Each structure stands twice: as C-alpha cells, then as structure tokens.
There are 2 protein chains.
Amino acid sequence: MSSFETPDPGNRRASSADVAALAKVSRATVSRCFSDGATVRSETRERVLQAARELGYEPNLLARMLNKQESSIVAVLTSDFTNPFQPALMEALTGRLRAAGLTPLLLKADSVFESADALIQLALSYRVAAIVVTVINASDRMISRCFEAKVPLIFLNRVAEDTPAISVCSNSRSGAFRIAEVLVEGGTTRIGMITGQLGSWTNSMRRGGFRQRLDELGYDVLGSAQGDFTYRGGYAAAVELMDTLPSLDAIYACNDAMAFGALDAVRTLRGHRVPENIAVVGFDDVPMAAWEAYRLTTIRQPVERMVEDTCSILLRPDRGLDLSRQVFLHDGSLIQRATTRPVELRDGEVDERAVSQVAPREM
Amino acid sequence: MSSFETPDPGNRRASSADVAALAKVSRATVSRCFSDGATVRSETRERVLQAARELGYEPNLLARMLNKQESSIVAVLTSDFTNPFQPALMEALTGRLRAAGLTPLLLKADSVFESADALIQLALSYRVAAIVVTVINASDRMISRCFEAKVPLIFLNRVAEDTPAISVCSNSRSGAFRIAEVLVEGGTTRIGMITGQLGSWTNSMRRGGFRQRLDELGYDVLGSAQGDFTYRGGYAAAVELMDTLPSLDAIYACNDAMAFGALDAVRTLRGHRVPENIAVVGFDDVPMAAWEAYRLTTIRQPVERMVEDTCSILLRPDRGLDLSRQVFLHDGSLIQRATTRPVELRDGEVDERAVSQVAPREM
DNA sequence: ATGTCATTGGAACACGTGTGCATCCAATGG
DNA sequence: CCATTGGATGCACACGTGTTCCAATGACAT
C-alpha cells in the first residue's frame with residue numbers, strides 16, 4: 001500500500017527503529033507501547049503493534065537488561081544430576097522462577113568437589129539478578145564479591161556455615177531425630193549407619209542428629225560405614241556393615257539412593273527379610289522410594305517450601321541483600337512405608353504402607 | 001600513591017572506562033587486553049590486568065553480546081525432569097555446551113503437552129545462539145520464525161517430522177528390532193507390549209519397529225496396553241496385560257521407567273519369576289536399570305554421540321542453518337542383564353549379566 | 001636522516017533499549 | 001479570545017562493550 005521504503009533492514013532482526021519507521025512514529029513511542037503504564041493513544045498503539053507484528057519484532061531483552069540495569073536471569077549452579085533428588089529440586093525451582101518472570105541460567109560444575117568460584121565469576125559477567133547454588137562449594141572471597149556487586153547469593157539445599165551468604169535448607173537434624181525415634185519405637189535397636197562424604201553440612205547433620213537422639217533414647221550406633229551418597233556406595237557400605245556386625249537389625253542411610261543400595265544388599269544379596277530381620281530407612285523421599293520394589297520409609301524434604309522461601313527472598317525489595325549469613329530451615333515429614341516396623345504417626349506425617357497404585361502420585 | 005580521582009564509580013559495577021582511567025590508558029587498550037589476537041605491549045597489559053583485578057572488573061557479557069551480535073547463550077527447552085532419562089541428557093548437554101563456551105538457558109514447560117511456542121518466543125527475545133528442544137512440541141509457524149531469525153533449532157531425543165527443523169535422536173527403530181530378536185532368540189514368543197503416549201515419534205518407532213521385526217520373524221504381538229512412559233503407567237499396563245493374557249512369557253516396555261513398573265507388577269505383585277516365567281525388557285538404560293533390584297535388559301541410548309552431534313552441528317560455520325528438515329539417528333546398543341534369557345551378543349553390545357558391584361559404573 | 005613498524009590514544013560509531021525533559025496539540029475554563 | 005491543563009509524542013542521552021580509522025610517538029634498521 002504505502003510506497004515507503006525501510007532504509008536497510010538487511011538480514012538483521014527488526015529493531016524498534018524499524019517498527020517506528022513503519023508505523024510513522026518515533027522510537028520512543030514504540031518503546032512505550034511495549035512497556036506498560038506508559039501513556040500512548042490507543043489508536044497509535046494499535047498501529048505500532050500491527051507494524052511490530054508485520055516485521056516480527058519483539059524487544060531485545062539483552063538490550064533492555066543492559067539499559068535498565070536489572071536482569072531477568074538467575075544463575076543456578078549445580079553439579080551432578082545423577083543424584084535423584086536434584087531433578088525434583090530443579091523442577092520446582094524453574095517453575096517458581098518462571099512464575100516470577102525470571103529465567104534460570106544453568107551453570108554446571110564437572111565435579112562436586114570443583115569450586116563454584118569460576119562459575120560464580122561467569123554468572124557475575126552475565127550480570128544475573130541472583131545466584132542460587134545447590135551442591136557445590138564457594139570460597140568466602142567470591143561470596144563477598146557477589147554481595148559487593150549487589151548480587152544476592154543463596155545456598156539451596158545446602159548450608160554453608162561461616163560464610164556471608166544465605167542458606168535455605170531442610171532441617172536435616174530434626175529429620176534425623178525423627179528417624180532415630182521411629183527405629184527405637186519400632187523395637188529395632190541394634191543399628192548401623194551409612195554416611196555420605198564427610199565434611200558436608202548435610203551429612204554431619206543427618207549423622208550427628210541421629211547419633212544425638214539415639215543417645216538421648218539410651219542407645220548407640222553400633223557401627224557406621226561411609227558411602228558417597230550413591231547407590232553403589234550404599235550397597236558396598238551395607239555389605240561392609242553386615243560383615244562386621246552380623247547382629248544388626250536396622251540400617252539408617254543418610255540418603256535414599258544409599259538406602260536403595262543397602263536394601264538390595266540386605267534383601268537380594270543376603271536374603272534377609274525387611275523389616276522383619278533388618279529395617280532400612282533413608283532420607284529425601286525421591287520418587288523411586290514409592291516404587292513397589294522398595295517402598296522405603298524416609299523423610300520427605302519440603303521441596304516446595306524451600307523453593308518458595310528462596311524465591312520470596314529474592315523478590316523482597318532488598319532482594320535479600322540485608323540477610324547475609326542467615327540460615328532458613330524447614331522441617332521435613334516422615335513418610336512411613338514398608339521397610340520399617342509401623343509406629344504411630346504425628347501431625348503432617350504420611351502413611352503409605354498400604355498404598356499400591358491407588359491415588360498414583362506423579363510417577 | 002597517585003592523587004588521581006576516579007570521576008564517580010558510585011555504587012556501579014566497574015566498567016572498562018574505570019579500568020582505563022585507573023591504568024592510565026585508553027578504553028580501547030583495555031578492550032584490546034581482553035580480546036585476544038590484538039597487539040598490546042606485555043607491560044601495559046599487565047598494568048591493565050592489575051587495575052582490572054583491583055576494581056573487580058570483568059567484561060559485561062550482555063553488552064558484548066549486544067555489540068558483537070553473537071550470543072553465547074543456548075536455550076534448552078524441556079518439560080518434566082521426572083523422566084529418569086532426562087538428567088543424563090541434560091548432564092551431557094550442559095557439559096558439552098560448556099566446553100564450547102556456551103551456556104544453557106533453561107526454559108521449562110509446565111506440561112509435556114504444552115506447546116513450546118511461548119518458550120521459543122522467549123528464547124528469541126533473549127537472542128540466543130541456538131535452541132535445543134527435548135520433549136515438547138512446537139508449531140511449524142514458530143519453527144519457521146526461528147530459521148528466519150537465523151537461530152538454528154534442533155530437536156534432541158525427539159524427531160519432529162515434516163517440520164523445517166533438525167532432529168538428533170537415537171534410532172528407536174533399530175533398537176526395537178534388536179529387542180524383538182533378543183526375545184525370539186531367547187525362546188519367548190508369547191509377547192505383550194507396553195506403549196507410551198500415542199502420537200509421539202519415539203513411541204511409534206519403538207512400537208512399530210518391534211511389531212515389524214517380530215512379524216518378519218514369524219511371530220505376532222499378542223496384546224498391548226498403553227502406559228504413559230511413567231512407572232505407574234507401566235505397572236498398571238502390566239497388570240492389565242497379565243489379566244487379559246495369562247499365558248504371556250515376555251513383556252516389552254517402550255521405556256525403562258515403564259519396564260520397572262512392569263517388573264514390580266510381574267514379580268512383586270504376581271510372584272512370577274523373571275525371566276523364567278516372564279521376560280521383561282525396556283528401552284533407554286537409565287542408571288537404575290543396573291541396580292540389583294532390577295538388572296534390566298535394555299537398549300542403551302547413545303547419549304554422548306547424540307549430544308556431540310547436536311553441538312557439532314551448532315558449531316559448524318553455518319550453524320546448521322542449511323540443514324533444515326534433516327534427521328540424524330544413532331544406533332543404541334543392547335545391554336544384556338538378568339531380565340531376559342541370555343542370547344549371543346554382537347559387536348558393541350554389553351554383557352552385564354554377571355556384574356554386581358565390580359567395576360562400579362557411576363551410580 | 002629517513003623509512004618501517006609496533007604500540008597507543010582519541011574519537012567516533014554501532015548494538016537496541018528505556019526514560020527525563022521539552023514540545024506540541026487539543027480541549028477546557030474563564 | 002486567551003491562558004491553562006493534560007495527554008501524546010519527539011529528542012537526546014545513557015547503558016557497556018567492540019571496532020575502525022587516523023594520528024602520534026617512539027624504537028630501530030638502513
């Protein structure tokens with residue numbers, strides 16, 4: 001219709017200038033049409049949107065972030081997806097971030113032991129709005145740099161002590177308490193323990209809390225073996241425990257994955273009956289814990305609440321920058337299934353002993 | 001030492017101008033120091049780097065991407081992390097991307113059935129270098145827009161037929177062929193099948209390929225039930241199959257997750273012996289397939305090769321933009337474990353019947 | 001002394017956006 | 001009829017980087 005010629009769109013994506021030229025308005029007006037709250041006549045707005053549609057224009061978010069000095073990207077640092085609890089966490093986190101208009105940038109370390117420093121550096125270079133760290137460690141030096149740069153850093157599902165950062169985690173200690181009680185109330189008192197890597201906060205809480213409560217109840221951990229939070233580690237540790245202490249009647253694994261390994265060693269390899277001969281209990285409540293082959297009694301981590309907490313901190317006016325060196329804990333809840341002898345439940349705890357495929361929880 | 005006053009660093013992150021001022025050089029020289037191949041005296045380079053370190057400066061990647069018109073961000077679209085094959089894929093993909101200097105931006109759909117269009121739109125707004133789609137669908141209209149915008153779009157682990165996009169996937173058909181052969185060679189011929197959702201390419205290949213090869217060998221699928229690629233679905237479908245066809249001696253599940261469900265139904269619920277009474281076979285080779293409780297015979301998807309293929313396409317000079325509407329398939333390999341009767345293996349196939357915890361594969 | 005070359009500065013432009021400020025126009029009230 | 005108001009719009013700057021062109025400087029070889 002109009003004989004107007006755009007100067008030279010070339011092979012470039014359409015910019016707001018192109019839209020402005022086509023709609024015969026200024027570039028500023030185009031910008032106003034795409035940011036709400038601005039004052040623009042409805043007739044011209046329609047003309048601009050039409051032109052934008054025609055040219056396939058959509059605002060360049062990189063330029064917008066550069067200009068507005070605020071990012072809609074959140075760096076999510078992690079390592080190993082092999083831990084079956086990780087997907088659930090990631091699922092909840094990305095969902096919640098998306099609801100807040102934020103998009104996760106995924107930075108993965110090659111190993112759990114690799115420092116997160118390089119990844120944090122990268123995240124800062126992308127000028128992200130925040131950094132969420134799930135499994136790896138970071139140096140105090142680097143954490144401080146984040147806060148100097150006004151980028152909040154939150155440890156999720158992992159408590160970093162004595163660092164100027166926020167931590168959101170499930171209360172491993174109270175969960176371990178409850179597990180000790182369940183074993184004792186069930187009448188199993190010759191107890192072995194399978195731990196994860198030493199040095200991690202989670203491990204020391206799940207280990208120490210269990211020991212403490214058991215001691216308070218008048219019992220003791222007969223022996224412990226070190227796994228590495230993996231199935232194979234749990235399997236090997238269980239074999240080691242049974243060889244050393246033939247009289248064991250319960251095994252507490254600090255992790256569901258290790259509990260599965262222990263169960264297979266106890267049941268399939270040694271032919272013991274569970275829970276009659278030996279009870280087994282884990283920690284996390286990953287999806288497989290509900291599968292018929294395991295039916296594992298465990299502590300469910302309150303993933304939703306942890307994620308909700310994390311995001312709401314980031315969405316505060318101060319974005320959590322005033323909260324440094326603070327720890328938020330959420331209690332998990334006991335899920336009773338078929339690998340322990342039944343005990344009476346408390347509020348919020350779930351009985352899935354009888355469940356088969358009725359009310360099929362997702363997967 | 002020097003009485004030089006920086007104009008007003010304020011609370012802002014240091015920019016290249018600040019570094020230039022502190023190092024007493026021009027901004028251009030600073031830029032030269034951070035982009036390699038440029039000619040700069042080693043002494044001044046050192047001075048600049050020192051100043052940068054002092055100010056905690058690192059180049060703003062957003063500004064760089066905006067300027068250079070090339071992105072180091074790749075959008076990775078997915079849905080549901082609950083499928084246990086997803087983490088392995090993600091792990092390999094992020095690792096390979098990182099090696100290429102690319103960072104994944106994670107865009108997750110709420111449901112598998114949700115169209116990817118909105119997410120693709122978002123990815124385009126971020127001006128990503130490429131888009132990798134794993135499970136969800138996209139409209140032809142939106143795919144075309146990607147290629148018009150010179151953004152390559154690759155379907156990974158999913159073949160989208162009749163769309164102007166590239167697909168990289170494992171060869172589900174050849175894998176299904178091999179499974180049919182394994183069952184027949186093992187002497188099991190009264191075979192039931194558990195399928196996933198209808199309509200997906202993967203499902204139709206794993207289903208159709210199996211049917212075809214079985215037919216060529218002179219046999220037929222006695223009956224099939226529909227799961228939904230989940231454990232619960234497989235469990236229910238297996239129950240349905242056994243009720244309908246009591247004489248079954250083998251079950252092929254199009255998915256490991258469904259195979260686990262079927263195994264639990266066959267073994268734990270009905271008390272059958274595997275593989276003596278009923279053989280079970282899956283597809284994917286997720287980590288749990290190697291666990292003692294299952295020891296599942298299955299087809300291992302060549303994740304590494306698929307990911308390598310995907311990334312090398314994106315790193316081609318034309319970034320794969322000339323390859324539209326092309327499909328790259330990679331053959332998987334049989335992993336023989338304890339849920340089928342033993343057959344003779346071919347090249348590249350693996351015998352893990354005897355494996356326990358010797359040579360512990362990761363997890 | 002002169003040409004050559006490496007090194008650096010200076011200035012400008014581009015990338016694409018948001019926004020404060022000024023301007024313009026129409027409507028309204030006195 | 002004029003002053004005022006308020007909404008709609010254009011101008012110019014800023015965000016932080018890479019690049020390019022040109023000039024200047026110094027070192028060095030011939």
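Computed from a predicted structure; not experimentally measured. Every chain is numbered from 1, with letters handed out A, B, ... down the list of sequences.
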Legend entry - Aromatic centroids of B:F155 and B:F328 separated by under 6.0 Å: no
Inset, instruction - Count the heavy atoms belonging to other residues, nucleotides or ligands that lie under 6.0 Å from CZ of B:R98, then report whether that count exceeds 12. - result: no
Inset, instruction - Kindly check if the number of other-residue, nucleotide or ligand heavy atoms within 6.0 Å of CD (B:E304) is above 12? - result: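 Not buried by this count: 12 neighbours or fewer within 6.0 Å.
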Once you round it to whole Å, what is the distance between [atom2] of [N] and [atom1] of [X]?
X     : N      : atom1 : atom2 : value
A:L66 : D:dG18 : CG    : C1'   : 13 Å
B:D18 : D:dA14 : CG    : P     : 15 Å
A:R41 : D:dG7  : CZ    : C1'   : 10 Å
A:R27 : D:dC13 : CZ    : C1'   : 10 Å
A:L62 : D:dG18 : CG    : C1'   : 15 Å

Inset, instruction - Determine the contact category for A:S31: base if any of its heavy atoms lies under 4.0 Å from a base atom, sugar-phosphate if only primed atoms, P, OP1 or OP2 are that close, otherwise nothing. - result: base
Inset, instruction - Select base, sugar-phosphate, or nothing to describe what A:T29 touches, counting heavy atoms under 4.0 Å on all strands. - result: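 Sugar-phosphate, no base atom in range.
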Would you give me the side-chain donor-acceptor pairs under 3.5 Å for residues 115-122 of chain A, sequence neighbours excluded?
| from | atom 1 | to | atom 2 | distance (Å) |
| --- | --- | --- | --- | --- |
| A:S115 | OG | A:D117 | N | 3.0 |
| A:S115 | OG | A:D117 | OD1 | 3.2 |
| A:D117 | OD1 | A:S139 | N | 3.0 |
| A:D117 | OD1 | A:S139 | OG | 3.4 |
| A:D117 | OD2 | A:S139 | OG | 2.7 |
| A:Q121 | NE2 | B:E58 | OE1 | 2.7 |

Counterpart residues, side-chain hydrogen bond (donor to acceptor under 3.5 Å, both in side chains), relative to [X] (two or more places apart):
X      : answer
B:E308 : B:R96
B:Q69  : none
A:R127 : none

Legend entry - A:Q69 vs B:V30, nearer the 5' end of DNA chain D by closest nucleotide: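 The answer here is A:Q69.
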Inset, instruction - Would you kindly compare A:F34 and B:S26 by the position of their nearest DNA chain C nucleotide and give the one closer to the 5′ end? - result: B:S26
Legend entry - Terminal axes of the helix from C:dA1-D:dT30 to C:dG30-D:dC1 (five pairs each): angle between them, nearest 10 degrees: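 One end axis against the other gives 50°.
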Inset, instruction - Using chain A heavy atoms and a threshold of under 4.0 Å, write down where along DNA chain C the contacts begin and end, 5' to 3'. - result: C:dG16 to C:dT19
Inset, instruction - Evaluate the side chain to side chain donor-acceptor pair (under 3.5 Å) criterion for residues B:T78 and B:Q86: first the C-alpha distance (whole Å), next the side-chain angles of each, then the deciding distance (0.1 Å), finally the verdict. - result: CA-CA 9 Å; B:T78 181; B:Q86 207 64 14; 3.1 Å; yes
Legend entry - Shortest non-hydrogen contact between B:V303 and B:A88, atoms and distance: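 It is CG1-O, 4.0 Å.
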